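All values below were derived from every heavy atom in this structure, side-chain atoms included, with hydrogens, water molecules and symmetry-related copies excluded. Keep in mind the model is a prediction, meaning the values are calculated, not measured.
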Amino acid sequence: MPQATLISGGSILTEAGILERGDLLLSGGKVRKIASRIRADGARVIRAEGLLASPGLIDTQINGGFGHSFSGTTPAQVLEIGKRLLSHGVTAYLPTLISLPKKKTLSGIRSLVAAEKLRGGARI
């Protein structure tokens, strides 16, 4: 299993509310523990004082972003959008295409499929 990560000392949004100052232990891509204090035990520690840890957002309809429309992007531009979405808390999204002629729509779909294979940023 990959090394665990401990996010320490930040506020944590939980289903029960906000833990004002706590620790969050991540391992294997999952939250393993949330508590007021967790021992690092070899985990990589990220200091989070003054920050908020919360679940990632999922955008269920996005036509593009940052000056690009999914109906006319290259796979590299789709990847750039996905990377920039992360800085806004979006970890996954459903790209949508505006109504266009069939040829342009198919081109947009091909670009999205190719970008997903590149893997980076928020996940499609």
ask   = Are the side chains of P55 and L13 in touch, meaning some heavy atoms are under 4.5 Å apart?
value = yes

task = Any chance you could measure I46, atom CD1, to T5, atom OG1, to the nearest 0.5 Å?
result = 5.5 Å

message = Please say yes or no: joined through hydrophobic side-chain contacts below 4.5 Å, possibly via intermediate residues, are I12 and L6 part of one cluster?
response = no

task = Could you tell me the separation between the CG atom of L94 and the CZ atom of F70, rounded to the nearest 0.5 Å?
result = 9.5 Å

task = Please examine the side chains of L19 and S36, heavy atoms only from C-beta on, and report whether any two atoms are closer than 4.5 Å.
result = yes

message = Please tell me whether T96 and N63 have a donor and an acceptor in their side chains that are separated by less than 3.5 angstrom.
response = yes

request  = Determine yes or no for a side-chain-to-main-chain donor-acceptor pair under 3.5 angstrom, with R32 supplying the side chain and L26 the backbone.
outcome  = no

ask   = Does P101 offer a backbone N or O that forms a donor-acceptor pair with the side chain of T105 under 3.5 Å?
value = yes

message = I'd like to know if the side chain of S27 and the backbone of A4 have a donor-acceptor N/O pair within less than 3.5 Å.
response = no

query = Are E20 and I18 side-chain neighbours, meaning at least one heavy-atom pair lies under 4.5 Å?
reply = yes

query = Are any of the side-chain heavy atoms of L57 and Y93 separated by less than 4.5 Å?
reply = no

ask   = Would a hydrophobic clustering, with Ile, Leu, Val, Met, Phe, Trp and Tyr connected at side-chain separations under 4.5 Å, put L25 with V31?
value = no

task = Output the distance between atom NZ (K33) and atom CZ (R39), rounded to the nearest 0.5 Å.
result = 9.0 Å

query = With side chains defined as the heavy atoms from C-beta onward, is the minimum distance between L100 and L97 less than 4.5 Å?
reply = no

inquiry  = Whether the side chain of S111 engages the backbone of T73 through a donor-acceptor N/O pair (distance < 3.5 Å, no angle test) should be reported.
reply    = yes

ask   = Would you say Q77's side chain and T74's backbone share a donor-acceptor pair under 3.5 angstrom?
value = yes

remark   = Between R47 and S8 the two heavy atoms that sit nearest each other are NH1-OG, 3.2 Å

message = Looking at Q3 and G42, would you say the former's side chain and the latter's main chain have a donor-acceptor pair under 3.5 Å?
response = yes

